[in-house]
Amino acid sequence: MQSLPPPTTLKIPSLSSNPSPSLQFPTFSTNRLIRQINDGRLRTAISTLEHMVQHGSHPDLQTYSLFLKRCIRTRSFDLGRLVHEKLTQSDLQLDSVTLNSLISLYSKSGQWEKAKSIFEHMGNSRDLITWSAMVSCFANNKMGFEALHTFLDMIQNGYYPNEYCFSAAIRACSTAEFASVGDSIFGYVIKTGYFASDVCVGCGLIDMFVKGRGDLVSAFEVFEKMPERNAVTWTLMITRFMQFGYAGEAIDVFLDMILSGYEPDRFTLSAVISASAKLELLSLGQQLHSQAIKHGLTLDRCVGCCLINMYAKCSVDGSMSESRKIFYQILDHNVISWTAMITGYVQKGGYDKEALDLFRGMILTHVLPNHFTFSSTLKACANLADLRIGEQVFAHAVKLGFSIVNCVANSLISMYARSGKIDDARKAFDILFEKNLISYNTVIDAYSKTLNSEEAFELFNEIEDQGMGASAFTFASLLSGAASIGTIGKGEQIHARVIKSGLKSNQSICNALISMYSKCGDIDSAFQVFEDMDDRNVISWTSIITGFAKHGFATKALELFHKMLEAGIRPNEVSYIAVLSACSHVGLVNEGWKHFKSMYAEHGVTPRMEHYACMVDILGRSGSLSEAIQFINSMPFKADALVWRTFLGACRVHDNLELGKHAAKMIIEQEPHDPAAYILLSNLYASTSQWEEVANIRKVMKQKNLIKEAGCSWVEIENKVHKFYVGDTSHSKAEEIYDELEHLSSKIKKLGYVPNMDFVLHDVEEEQKEKYLFQHSERIAVAFGLISISKSKPIRVFKNLRICGDCHAAIKYISLATGREIIVRDANRFHHIKDGRCSW
DNA sequence: CTAGGGTTAG
């Protein structure tokens, strides 16, 4: 039996017994290094490596190679670069395996130049993997041409591409430019059988169709024909559907995936949670949340971001507590997770202060914001109307170089526009080097809202000149601008461009067209658009109902409301304002009550101030002033000025000075600086000839420096808007206009018109009064319309305030005397006046 | 040596 070796041989050699420690030390360290690499403790491994190198000993090439691969796999590129550095310092002769790893490292970290230089130095030692890695590198760095060139070069050098090369080459064809090359390669992979045998090739093909051509149909076909799929393939399809706006399809594919027995992972859940956020499917989102919990992914940053977004968009209670909870569970925050929470706050509405606090918190923790962050934060400043903070935030963006990124600059433009600083908005727009469609739309919308249709239209032309292609948003802004001024000529022009652009079936554009035609006085065309629509939503129905109600066709409005209910469309708050005002216009007290009572009971719409005002109008107009007062007193909240103004209007119609005075006081109490209330009270006194009281009110107004909004009327002739004030003589054709007025005056008096001096609110001589009446802006506009518009067309006049009662009567006579149709839009409604009669 | 992620302005 062999005896045991003497114990001394097992002794670890001491430094003193071994003069060359480096011979012993490295093996020991290399093993430790390998263990650290395999355990994924890469930072510790780097220290070990550095320590070894410092002692003049390098691990072997296999260990270096292992280290590199591990760095690539864990996407620790900066560590990978350190390993490369140490490798260069060693005397090791690099083999192709290591060099291939280095190409891959630089390919993935975006340093394609370095990868290329390694590739070029390799010369004859290149193998199939080297070529594949290089093709892949160019493809990853969006250099399709170079990738395909290398691919062909490889074939010419006698290599047969394998599945790796093919998937890289296919990825290189993911731009429209290389679509036909892609088709050839597609044919090639089918012939060689790689399509059937490799899932990565299939994934490449899916992206070739999606990214290169936006062709989701072909992509899905490829997906369905793949003989073999795994969780990554499923997730890719789900993600692409989601990213290209097909959230519903994404969810369908996900359900299929689950039914087919595949396990979703963080990527899958992220995509589907985003889809449920987009479609506002809270219960699906919640189910996915519990899936995430089941898979232990609640702390995952990526899933967390999607959940934050989903709860911000979908939670019904209006609170951000769910999103906030998720946010604080994430431990390793980065820009994206901070931004997701900031954006959630901003989109939810009402949390702009919290968003700004979070932005500050992010800066304090030294996380650098990106363009998304700035965009949302600026929006928060815009919501708070805080230009000072907004400009500070923007200055920060300038410092970090994000100020020229579109979404940041566009947020700045929007902030200025929404704060009424249209000139600053324009300046920010003008200095923006590369404007995109949203930049244009933002400024166009601002101009449309401030009734500057000239500028809006000019920018719209610029969009078309640059071949940018206006979007539904552009048209909707332009149309609402045209609607506010009532320029039907402009509106029709825009309609023509809508048709030319191929967007004529777009729902929001059609809705905007309905309101444009309706507000420009052409209810027939509005109805035409409505009837031609394939797909109507609650806004389409509400727009046309509002149109008919405002034009005095209440029966038609109510009929359409019933049709809407039959069509299964749920009415909203605005629908009920239209319905109730229709009832009030035709004096349908009972029907009004019926709708008011059923709006909440049957359709869950809680009446708000406007609805109460409509009811007050219904009751007041029918003469039940005391019932109206009772109704006001029974309201669940304090009646505001709108309600009292409505009531005051009824008091005026029914000549009830006492209740009217009470109403006026209530208005002035709530809006002490609104001149309109004083004017109403003054009118009430004037109509009962209490001139002393009228003078008193004027005096108070003067003391408070309240200036009544000047009444003005306008009419559009050949796309140009002509605006008139009372007694206006500034128009170039003023002489002709006044001749026409004179002429009309004598003509209608013969037909029986008697001027009603109640509407002259000055205490002046009767003859003088008549002259005032004839110089009201609406009458001047009508006269100008008569001499400028061809006889076959109706005259459409617009007034910023309510039409004067005497003018209303006079215009009825004018329509009789001239045989013309005159449509007047005042602050409240449309008057279709024809053959001496008004639609009201 | 190959395939899938999150946040964005009107």
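In what follows, chains carry the letters A, B, and so on, assigned in the order in which the sequence lines appear, proteins first and then strands, with residues in each chain numbered from 1.
Taking atom CD1 on A:Ile103 and atom C1' on B:dC1, their separation rounds to 9 Å, with Å as the unit. Spacing between atom CZ of A:Phe402 and atom P of B:dT8 amounts to 16 Å, rounded to whole angstrom units. The interatomic distance linking A:Leu368 (CG) with B:dT7 (C1') rounds to 16 Å, in whole Å. Atom P of nucleotide B:dT8 and atom CZ of A:Phe394 are separated by 20 Å, given to the nearest angstrom. Computed from coordinates, the A:Asn141 CG to B:dT2 P distance equals 13 Å when rounded to whole Å. For A:Leu128 and B:dT2, the CG to P distance is 13 Å, given to the nearest whole Å. Taking atom CE of residue A:Met242 and atom C1' of nucleotide B:dT8, one finds them 13 Å apart after rounding to whole Å. In this structure, A:Tyr262 places its OH atom 20 Å from P of B:dA3, rounding to the nearest Å.
Look at A:Gln347 and you'll find a side-chain N or O under 4.0 angstrom from OP1 or OP2 of B:dA9. Contact between the side-chain N/O atoms of A:Arg240 and the OP1/OP2 oxygens of B:dG5 is found at a separation under 4.0 Å. Of the side-chain N and O atoms in A:Lys379, none sit less than 4.0 angstrom from OP1 or OP2 of B:dT8. Dashed line: the shortest gap from a side-chain N or O of A:Lys108 to OP1 or OP2 of B:dT2 is under 4.0 Å. Distances shown here put every side-chain N or O of A:Thr235 at or beyond 4.0 Å from the OP1 or OP2 atom of B:dA3.
A:Ser270 comes within 4.0 angstrom of no nucleic acid atom, judged by non-hydrogen atoms across all strands. At the heavy-atom level, A:Ile336 lies under 4.0 Å from base atoms of the strands shown. A:Asn230 comes within 4.0 angstrom of a nucleotide base, judged by non-hydrogen atoms across all strands.
Closest to the A:Ser167 side chain, of the nucleotides B:dT7, B:dT2, B:dG4, is B:dT2. Closest to the side chain of A:Ser411, from the set B:dC1, B:dG4, B:dA9, is B:dA9. When distances are taken from the side chain of A:Thr233 to each of B:dA3, B:dT8, B:dG4, the shortest belongs to B:dA3. Nearest to the side chain of A:Cys407, among B:dA9, B:dG5, B:dG10, sits B:dA9. Considering only side-chain atoms of A:Thr343, the nucleotide from B:dG6, B:dT7, B:dC1 that sits closest is B:dT7. Distances were taken from every side-chain heavy atom of A:Arg301 (C-beta onward) to each of B:dG6, B:dG10, B:dT2; the shortest belongs to B:dG6.
Atom CD of A:Gln287 is separated from atom CD of A:Gln291 by 8.5 Å, given to the nearest 0.5 angstrom.
Between the side chain of A:Ser471 and the base of B:dG10, a donor-acceptor pair under 3.5 Å is found. One cannot find a donor-acceptor pair under 3.5 Å joining the base of B:dG5 and the side-chain atoms of A:Asp300.
For A:Tyr328, there are no ring pair (Phe, Tyr, Trp, His ring centres under 6.0 Å) partners, not counting sequence neighbours. Contacts of A:Ser508 classified as side chain to side chain donor-acceptor pair (under 3.5 Å), with partners at least two apart in sequence or in another chain: A:Asn506.
Counting heavy atoms from C-beta outward, A:Ser260 and A:Trp234 have side chains that approach closer than 4.5 Å.
A:Thr98 and A:Ser101 form no side-chain donor-acceptor contact under 3.5 Å, judged by distance and modelled atom types alone. For A:Ser448 and A:Asp445, the side-chain atoms include no donor-acceptor pair closer than 3.5 Å.
Checking A:Tyr440, A:Phe475, A:Tyr447 one by one against A:Phe460, the ring-ring contact (aromatic ring centres under 6.0 Å, His included) holds for a single residue, A:Phe475.
Listed by residue number, A:Asn436, A:Ile438, A:Asn441, A:Thr442 are the residues of residues 430-450 of chain A with a heavy-atom contact under 4.0 Å to DNA chain B.
Note: A:Tyr311 and A:His289 have perpendicular aromatic rings, judged against thresholds of 30 and 60 degrees for the angle between ring planes.
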